[in-house]
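So the structure is just underneath, and the comments pick up after that.
As the structure lists them, so they are numbered: ligands from 1, and atoms in each ligand from 1. Keep in mind that the numbers below use all heavy atoms, side chains included, and drop hydrogens, waters and symmetry copies. All residue numbers in this chain count up from 1 along the given sequence. This is a predicted model, so every value here is computed, not measured.
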Amino acid sequence: MRGSHPRSAILGTGSELPSRVITNAALERLVDTSDQWITTRTGIKERRVLEEGKGTADMAYRAAVRALKDAGMEAKDLDAIIMGTVTPDYPFPSSACVLENMLGARKVFSFDVNAACSGFLNALAIADSLVRTGMIRHALVVGSDALSRMLNWKDRTTCILFGDGAGAVVVGPSHDGARGILSTRLRTDGSHVKTLYVPAGGSLKPASAESVRKNEHTIAMNGKEVFKIAVRSMDGISREALDEADVSIDQVSLVIPHQANLRIITALAERLKVPMSKVMVNLDRYGNTSAASVPVALDEARKEGRIQRGDIVLLNAFGAGFAWGAAVIRF
Ligand code: COA
């Protein structure tokens, strides 16, 4: 329950997409696929890929600088940096610590959250709690992933889906009690660990010449199973978040769903009874950018003028774990 603590709010947003574009036509040259198949089955037309020699924190840095500027703040004003990512620069330490150093933030604690495509929503919920309890005042919340680094570019069932990017928001106390984060809901179901995972490269099966030869350091997925459960789960958690916020779906101006597949998004909109005109879609340009997907779409929606003061926005995401979540925010 929310209790009597003051609300937290999103004070600024920013995003970063790498400049290198991989079109469906380019993928036709790599695997047995077609622009037509990818477009009709997923809605994706192109995606971005991070240049070699750069890591997740490099993208996060650019998104963070923009979010801080948008909030009218500097890195020295931050108390915490929380990054949703499953593609950190190093196995350890966290990319949040790498980002902290890039930003020159000196009075913070920083950590990564591993909740795959739901990582940003998990990080946002943690920041919201820390601000509301008074433990911190301002947090930088980031979703940054470079899933291109974990793709088997010979597997047509996965390599067409994902792209790289980063989104960031600054969270702090709401200046106006009515505005801010109204609710957050998170969930996991660990019985589906192997439905979407990277089999090797962790402690159970460390990277070896054999694991690399077998491509076990790349994403393995049962796409059909993910599809089915994603729609059901994002519908359920969205309703829970709306109930907790005491907001009806008709009061929501914009839904910003995780950008995995246009068919997942339209099925979700149907279940929620929301017209597609009230649903943010940018996966045609970026594909599934994992933890970056929701904050990038949020930043673009604001820049396009699709979120006005007082508007209520519903965010939701679903990914490996399975892990999923939703948040309701009044801007
Ligand atoms: N190009 C052409 N054909 C392809 C293909 C591609 N890139 N990928 C798969 N196919 C083929 C399959 O081999 C299959 O052929 P078959 O009928 O001869 O066996 C056929 O297309 C249908 O495959 P299927 O897996 O049934 O397609 P689908 O409609 O379920 O779409 C996904 C596949 C992956 C696009 C879809 O299941 C999906 O998006 N799932 C969710 C995945 C996801 O979002 N993961 C991340 C969650 S955060």
- Item | Check: T33 N/O within less than 3.5 Å of ligand 1 N/O | yes
- Atom indices of ligand 1, in the order listed, that fall short of 4.0 Å to a heavy atom of R263: 28 (P), 29 (O), 31 (O)
- Message: Using only atom types and a distance under 3.5 Å, with no angle test, would you say the side chain of R48 pairs donor to acceptor with the backbone of G163?
- Response: no
- Query: Considering only heavy atoms of N261, which atoms of ligand 1 have at least one such atom less than 4.0 Å away?
  - Reply: 35 (C), 38 (C), 39 (O)
- Under 4.0 Å from atom 19 (O) of ligand 1, is there any protein heavy atom? no
- Residue pair V252 / V274, side-chain heavy-atom distance below 4.5 Å: no
- Query: Which of the listed options, F318, W37, F322, holds the heavy atom that is closest to atom 2 (C) of ligand 1?
  - Reply: W37
- Could you tell me the residue and atom name of the protein heavy atom closest to atom 30 (O) of ligand 1, and the distance to it rounded to 0.1 Å? K224 NZ, 3.3 Å
- Query: Does an N or O from R156, backbone or side chain, lie closer than 3.5 Å to an N or O of ligand 1?
  - Reply: yes
- Query: Considering G223, G321, A320, S118, which one's heavy-atom position lies nearest to atom 37 (O) of ligand 1?
  - Reply: G223
- Task: Without swapping roles, check the side chain of N261 against the backbone of R41 for a donor-acceptor pair under 3.5 Å.
- Result: yes
- Message: I'd like to know if the side chain of T87 and the backbone of L147 have a donor-acceptor N/O pair within less than 3.5 Å.
- Response: no
- Query: Hey, would you say the F322 and H192 ring centroids sit under 6.0 Å apart?
  - Reply: yes
- Note on the structure: So the atoms of ligand 1 within less than 4.0 Å of a heavy atom of T42 turn out to be 35 (C)
- Would a 4.5 Å heavy-atom cut-off, applied to side chains only, mark L103 and Y61 as touching? yes
- Query: Counting from 1, what ligand 1 atoms have a heavy atom of V226 closer than 4.0 Å?
  - Reply: 43 (C), 45 (N), 47 (C)
- Heavy-atom protein neighbour under 4.0 angstrom from atom 14 (C) of ligand 1: no
- Can you list the ligand 1 atoms lying under 4.0 Å from a non-hydrogen atom of C117? 48 (S)
- Say whether, by atom type as modelled, one donor and one acceptor occur between the side chain of D112 and the main chain of A96 under 3.5 angstrom. yes
- Query: Which residue owns the protein heavy atom closest to atom 46 (C) of ligand 1, what's the atom, and how far is it?
  - Reply: N288 ND2, 3.6 Å
- Query: Should R271 and R232 count as side-chain neighbours, where that means a heavy-atom distance under 4.5 Å?
  - Reply: yes
- Enumerated ligand 1 atoms positioned under 4.0 Å from heavy atoms of A260: 44 (O)
- Item | Region of T158 that comes within reach of ligand 1 [heavy atoms, distance under 4.0 Å] | neither
- Item | Check: D79 side chain, H138 main-chain N or O, donor-acceptor pair, under 3.5 Å | yes
- Query: Hey, does R41 come in under 3.5 Å of ligand 1, counting only N/O atoms on both sides?
  - Reply: yes
- Within the side chain of T42, is there an N or O that forms a donor-acceptor pair under 3.5 Å with the backbone of T39? no
- Query: What residue and heavy atom of the protein are closest to atom 45 (N) of ligand 1, and at what distance?
  - Reply: M221 SD, 3.3 Å
- Counting from 1 in the order shown, the ligand 1 atoms closer than 4.0 Å to a non-hydrogen atom of G319 are 48 (S)
- I would like to know whether D164 and S148 meet side-chain hydrogen bond (donor to acceptor under 3.5 Å, both in side chains); could you show each step before the answer? CA-CA 6 Å; D164 303 339; S148 67; 2.6 Å; yes
- Query: Is atom 32 (C) of ligand 1 less than 4.0 angstrom from at least one protein heavy atom?
  - Reply: no
